[in-house]
Amino acid sequence: MTPEPVTGPRQRPRRLRRTPSLRRSVAETSLAPAHLVLPLFVREGIDAPVPIGSMPGVVQHTRDTLRAAVVEAAELGLGGVMLFGIPAAKDATGSGALDPGGILNVAIADAVAEVGDALPVMADLCLDEFTDHGHCGLLTAEGDVDNDATLAVYAEMARAQAAAGADVVGPSGMMDGQVAVIREALDAAGAIDVAILAYSAKYASAWYGPFREAVDSSLTGDRRTYQQDPANGSEGVREALLDVDQGADLVMVKPALGYLDVVRRVADAVPVPVAAYNVSGEYAMLEAAAAAGWIDREPAILETLTSIRRAGAQIVLSYWAAEAAALLRRH
Ligand code: PBG
């Protein structure tokens, strides 16, 4: 039976839109600082922050300025920070990722020393920032990304990040079976409370372009043999379910804006909270249009983040997290 149309003299939806307070009271979606996670870059061997040209307002931090950014994130009540490290030297196996004195591991320890339990400290668990070929894993002699050999390195990287004090590790390399191997490694090391935020439905996307500059990536070619084909939605749901099965505490869809249908489908399918990553290219696109005077920057930022929440994301990773939190406090 088709429902009666909700139009006509009695239904006037505009009544509930008349004032800001009425609109607030019937809002279906909320956006608060706790929903936002700020990705931060920390680079070894620099003594002042280095601006990232394609991401105006975003920098590669020194260890000291990273500490300050993390403290600010805690004061703003953010849902966390996601740390990315850029080592001074890269090699074929990404050894800087495993070294307890490596830039990402020392930055995790710095961050935790500053904020303790007041702010979740998360770390990217992937090799691409540390390898000289820029891939997320080890390569075979033929140059393919070797899934199972990479898993062993991820396990060790997870132990190093847990030892440094990470609350959450974020495997983003899209190797099959990575969540299970990392969960096992953490548990065996006694790190049973370290959570896994799995980049489950991560697409091979052109929207990561500015990030490659942010981490001084040496990648030539692409990641299409391990990241997902943008054509596939059901596969994203399958990947998320596989990760839940392997012990993921949170699952992520990435990028966000072109994939809001996948965010919704994953949120409807999994029993754990869903995160979405509002990636570097999405940031750059809006910033460029705003700089040209073509869109109104602050409302566009808040509408973007609200849309990702409306699609079903509990948590949104965004380079605007700190600024948006400050805006929300003023509203
Ligand atoms: C991999 C990783 C990437 C991003 C986050 N983690 C790059 C990639 O997969 O190519 C992209 C984030 C962004 O574009 O903002 N360590």
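Please read all numbers here as calculations on a predicted model, not as lab measurements. Remember, it's 1-based here, ligands and their atoms both numbered in the order they're listed.
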Atom indices of ligand 1, in the order listed, that fall short of 4.0 Å to a heavy atom of [X]:
| X | result |
| --- | --- |
| Y319 | 12 (C), 13 (C), 15 (O) |
| D128 | 1 (C), 16 (N) |
| K202 | 1 (C), 2 (C), 3 (C), 6 (N), 8 (C), 9 (O) |
| Y277 | 12 (C), 15 (O) |
| F84 | 5 (C), 6 (N) |
| S172 | 1 (C), 6 (N), 16 (N) |
| C126 | 16 (N) |

task: Could you tell me whether D216 and K90 have a side-chain N and a carboxylate O separated by less than 4.0 Å?
output: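 No.
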* **Charged N-O contact under 4.0 Å between R183 and D187** => yes
Examine the proximity of ligand 1 to [X] and report which part, side chain or backbone, both or neither, has a heavy atom under 4.0 Å away.
| X | value |
| --- | --- |
| D124 | side chain |
| S280 | both |
| V279 | both |

For T150 and D146, which I'm curious about, is there any donor-acceptor pair between the side chains at under 3.5 Å? no
- Query: With distance as the sole test, does Y226 use its side chain to make a donor-acceptor pair with the main-chain N or O of H135 at under 3.5 Å?
  - Reply: no
Taking E213 for the side chain and G53 for the main chain, is one N or O donor matched with an acceptor at less than 3.5 Å?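 Present.
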Nearest protein heavy atom with distance in Å, relative to [atom]:
| atom | value |
| --- | --- |
| atom 10 (O) of ligand 1 | R212 NH2, 2.6 Å |
| atom 12 (C) of ligand 1 | F211 CD1, 3.2 Å |
| atom 8 (C) of ligand 1 | R223 NE, 3.4 Å |

Query - Pairs satisfying side chain to side chain donor-acceptor pair (under 3.5 Å), at least one member in residues 290-302, at least two apart - result: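 Sorted pair list: E287-R297, R297-E323.
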The single option from T306, I301, I308 that satisfies side-chain contact (heavy atoms from CB on, under 4.5 Å) with T304 is I308
Discussion item. Surrounding CD of E184 (heavy atoms of other residues, nucleotides or ligands, distance under 6.0 Å), is the total greater than 12?
Written reply: no
(request) Look at the rings of Y283 and Y319 and say which category their plane angle falls in: under 30° parallel, 30 to 60° tilted, over 60° perpendicular. (result) perpendicular
Give me the ring orientation class for F84 and F211: parallel if the planes are under 30° apart, tilted from 30 to 60°, perpendicular past 60°.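 It falls in the perpendicular class, over 60°.
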Non-hydrogen atom of [X] closer than 4.0 Å to ligand 1:
| X | value |
| --- | --- |
| Y283 | no |
| K254 | yes |
| E129 | yes |

- Query: Cation-pi between K254 and Y208: NZ/CZ under 6.0 Å from ring centre and within 45° of the ring axis?
  - Reply: yes
Q) Does the N or O separation between Y199 and ligand 1 drop below 3.5 Å for any pair? A)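 Between Y199 and ligand 1, no N or O pair is found under 3.5 Å apart.
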